[in-house]
Amino acid sequence: MSAFILDKLLEIQEKNAYPLHMPGHKRNTDFMPYDFRTMDITETGDVDNLHDPKEIIAMSQKAMAELLGAEESFYLVNGGSSGTIAALLGCCNPGDTVLVASNCHKSVYHALVLSGVNPVYISPQMTEESLCGGISIRDMFRAFDDYDIKAMIITSPTYEGFTCDVKTIADIVHKHNSILIADECHGAHFVFSDKFPHSALHDGADVVVNSWHKTLPCLNQAAVLSINTTRVNKNRIKEAVSMMNTTSPSYPILASIDYARHILTTDKNLFTKYIETLTEARHELDHCKVLKLVNDSIKGQSDIFDLDISKFTIMVRTDMTGRELADLLLDKYNIQIEMAGPHHIIAMTSVADDPRGIKKFVKAIRDIDKKVERKYIEKLPLTMSPVQKPVMIPRDVYYAEKEEIDLDHSIGRIPSGIIMPYPPGIPLVAVGEKITSEHIEKIRILQQLNVNIIGVNNNKVYVVKNN
């Protein structure tokens with residue numbers, strides 16, 4: 001009998017590929033110098049209670065709020081997913097209408113089920129190379145004109161590091177007496193340097209969720225929910241956070257958040273050196289012709305407001321797929337990246353990265369770039385209706401009886417969940433929408449490109465019965 005999970009982790013550990021992926025501690029002992037096994041304890045009287053903090057946790061959360069510019073911050077040990085669910089539960093009532101960016105994380109769709117709200121989906125703009133851009137202000141005005149919206153939830157930055165015009169979005173939301181919730185899980189580091197985009201709290205979002213484990217030196221599942229508004233009931237959000245946090249919180253995770261906050265605010269040179277490394281690396285990657293770094297030139301296109309320079313999003317403009325490039329980086333150069341799509345890859349960095357590891361990645365990309373020929377990349381069929389109200393609310397979809405049918409016979413039916421190509425993770429059919437012939441045509445094209453379609457298995461889909 002094998003210890004299946006442990007054996008695989010030991011195998012990965014032995015290979016020791018350079019980690020250009022989450023979590024942000026990068027296994028760097030300079031940023032994580034303690035053996036957290038010795039700190040894996042329970043809620044004794046000396047360590048405070050995450051669900052009713054009065055002492056060390058309360059003091060740490062207060063210091064976090066001061067750092068982020070929030071009125072109040074709450075630690076999350078179940079990841080940013082628990083924060084986005086808590087935000088929606090804390091801000092809305094069943095039956096409220098919520099404007100939801102359709103490229104949101106699946107935890108938001110879970111929140112729609114749990115909260116019983118009525119979503120209206122607003123689709124982000126798409127770039128020429130099929131990446132997910134920002135939210136159109138014009139589409140927002142249309143949505144607010146047509147619906148009585150209680151709250152809006154956006155994803156900024158995206159996986160690729162693109163931000164929306166959060167300040168303008170917040171202004172519009174607030175003029176309509178609504179609440180802006182920002183899934184800023186990939187932007188926890190923004191507050192530490194003006195070389196990064198503004199934080200959503202800085203630009204007026206009411207409730208913001210940051211996954212510290214993604215881009216900062218923390219253990220997996222470390223996240224923070226922050227409030228900076230009088231538009232919400234703070235006690236209700238606090239209760240929702242408690243509901244979504246385990247009653248057996250991990251003190252190693254809590255300690256990693258607190259320690260990261262401490263060292264990153266104590267040593268200002270850490271981010272100065274990190275920015276210098278990123279700037280040099282991006283300059284070098286800009287010389288590539290085929291493996292093309294997404295750079296500042298994308299700002300202003302597809303409603304993209306700003307770009308996170310810590311993400312290396314590279315378009316693969318050749319016969320090689322993103323997955324094949326990722327495999328080559330791992331097999332030949334011993335570099336593990338974060339994500340590979342049909343036509344692009346994402347390498348994630350953090351302040352805990354070894355500059356030599358980033359330079360190794362740059363050298364590998366430039367080496368491969370010289371050996372491949374450029375090819376036109378066809379746009380993936382990922383366009384969606386700008387503003388769309390589903391025919392069935394997600395809660396009703398979840399509780400409805402389901403049946404499995406052939407994809408070809410599914411026109412007019414409501415799928416049991418999201419139908420989404422992953423990567424890149426942008427829904428073709430959001431929860432509660434009907435499948436159309438156009439959807440099926442897009443799915444077929446993506447399948448020919450060997451893109452995995454979540455919600456479609458062996459050309460069959462689960463749909464709501466008798467809809």
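Values reported hereafter were calculated over all heavy atoms of this structure, with side chains retained and with hydrogens, waters and symmetry mates removed.
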- Task: For the residue pair His439 and Lys434, establish whether any side-chain heavy-atom pair is separated by less than 4.5 Å.
- Result: no

- Query: Charged N to carboxylate O below 4.0 Å: is that the case for Glu403 and Lys460?
  - Reply: no

- Task: Just do the side chain to side chain donor-acceptor pair (under 3.5 Å) check on Glu43 and His51 with the steps written out, would you?
- Result: CA-CA 10 Å; Glu43 295 164 295; His51 294 267; 5.4 Å; no

- Message: Using side-chain contact (heavy atoms from CB on, under 4.5 Å), reason through Val351 and Lys273 one step at a time and then give a plain yes or no.
- Response: CA-CA 9 Å; Val351 68; Lys273 294 174 183 177; over 6 Å; no

- Task: Return yes if some donor-acceptor pair links the side-chain N/O of Thr29 with the main-chain N/O of Pro33 below 3.5 Å, else return no.
- Result: no

- Is there a side-chain contact between Cys218 and Pro23, using heavy atoms and a 4.5 Å cut-off? no

- Message: Treating Asp206 as the side-chain partner and Ile181 as the backbone partner, does any N or O pair qualify as donor plus acceptor under 3.5 Å?
- Response: no

- Query: Is the centre of the Phe144 ring less than 6.0 Å from the centre of the His176 ring?
  - Reply: yes

- Query: Does the separation of the ring centres of Tyr34 and Tyr259 fall below 6.0 angstrom?
  - Reply: yes

- Item | Verdict with reasoning, Asn78 to Thr246, per side-chain contact (heavy atoms from CB on, under 4.5 Å) | CA-CA 7 Å; Asn78 290 10; Thr246 174; 3.6 Å; yes

- Any chance the side chains of Asp308 and Ser310 put a donor and an acceptor closer than 3.5 Å? yes

- Message: If you define the side chain from C-beta out and look only at heavy atoms, does anything of Val208 sit under 4.5 Å from Asn228?
- Response: no

- Give the C-alpha distance, both sets of side-chain angles, the deciding distance and a yes or no for side chain to side chain donor-acceptor pair (under 3.5 Å) between His189 and Asn210. CA-CA 9 Å; His189 57 295; Asn210 294 126; over 6 Å; no

- Counting heavy atoms not belonging to Asp30, are there more than 12 under 6.0 Å from its CG? yes

- NZ/NE/NH1/NH2 to OD/OE distance under 4.0 Å, Arg261 and Asp258: yes

- Would you call Glu239-Arg236 a salt bridge at under 4.0 Å N-O? no

- Query: So does Tyr251 have more than 12 non-hydrogen atoms from other groups sitting under 6.0 Å from OH?
  - Reply: yes

- Query: Judged by modelled atom types alone, do Thr349 and Tyr274 share a side-chain donor-acceptor pair under 3.5 Å?
  - Reply: yes

- Message: If you count every heavy atom of other residues, nucleotides or ligands that lies below 6.0 Å from Phe36 atom CZ, does the total exceed 12?
- Response: yes

- With a cut-off of 6.0 Å (strictly less than), are more than 12 heavy atoms of other residues, nucleotides or ligands near NZ of Lys299? yes

- Note on the structure: Nearest heavy-atom contact between Trp212 and Ile257 is CZ3-O, 4.1 Å

- Item | Ring centres under 6.0 angstrom apart (Phe190, His198) | no

- Query: Is the distance between the ring centroids of Phe312 and Phe361 under 6.0 Å?
  - Reply: yes

- Item | Side chains of His110 and Ile85 in contact at under 4.5 Å (non-hydrogen atoms) | yes

- Item | Any donor-acceptor pair under 3.5 Å from Lys26 side chain to Leu20 backbone | no

- Any salt bridge between Glu72 and Lys238, counting N to O under 4.0 Å? no

- Query: Is it true that atom OH of Tyr462 has more than 12 heavy atoms of other residues, nucleotides or ligands lying nearer than 6.0 Å?
  - Reply: no

- Just wondering, do Val120 and Ile149 contact through their side chains at under 4.5 Å, heavy atoms? no

- Message: Could you check whether Lys167 pairs with Asp203 (Lys NZ or Arg NE/NH1/NH2 to Asp/Glu carboxylate O, under 4.0 Å)?
- Response: no

- Item | Side-chain heavy-atom pair Lys311, Ile346 within 4.5 angstrom cut-off | yes

- Query: Is the closest side-chain donor-acceptor distance between Tyr18 and Asp353 under 3.5 Å?
  - Reply: yes

- Item | Main-chain N/O of Asn93 paired with Asp96 side-chain donor or acceptor, under 3.5 Å | yes

- Query: Run the side-chain contact (heavy atoms from CB on, under 4.5 Å) check on Ile443 and Ile419 step by step: do they pass?
  - Reply: CA-CA 9 Å; Ile443 290 169; Ile419 295 182; 3.9 Å; yes

- Task: Mark yes or no for whether Ser107, through its side chain, and Thr84, through its backbone, hold a donor-acceptor pair below 3.5 Å.
- Result: no

- Take atom CD1 in Ile5; do more than 12 heavy atoms of anything else shown fall under 6.0 Å from it? no

- Task: Check whether more than 12 heavy atoms from other residues, nucleotides or ligands sit under 6.0 Å from atom CG of Asp7, and answer yes or no.
- Result: yes

- Item | Audit row: Leu225, Ser73, side-chain contact (heavy atoms from CB on, under 4.5 Å) steps and yes/no | CA-CA 6 Å; Leu225 180 149; Ser73 293; over 6 Å; no

- Message: Less than 4.5 Å apart, side chain to side chain, heavy atoms only: is that true for Val209 and Glu184?
- Response: no

- The residue among His105, Glu338, His186 that forms side chain to side chain donor-acceptor pair (under 3.5 Å) with Tyr159 is Glu338

- Message: When you compare the side chain of Pro415 with that of Ser410, does any pair of heavy atoms fall below 4.5 Å?
- Response: no

- Should the heavy atoms of other residues, nucleotides or ligands under 6.0 Å from NZ of Lys234 be counted, would the total exceed 12? yes

- Can you check whether Asp306's main-chain N or O pairs, donor with acceptor, with Thr163's side chain at less than 3.5 Å? yes

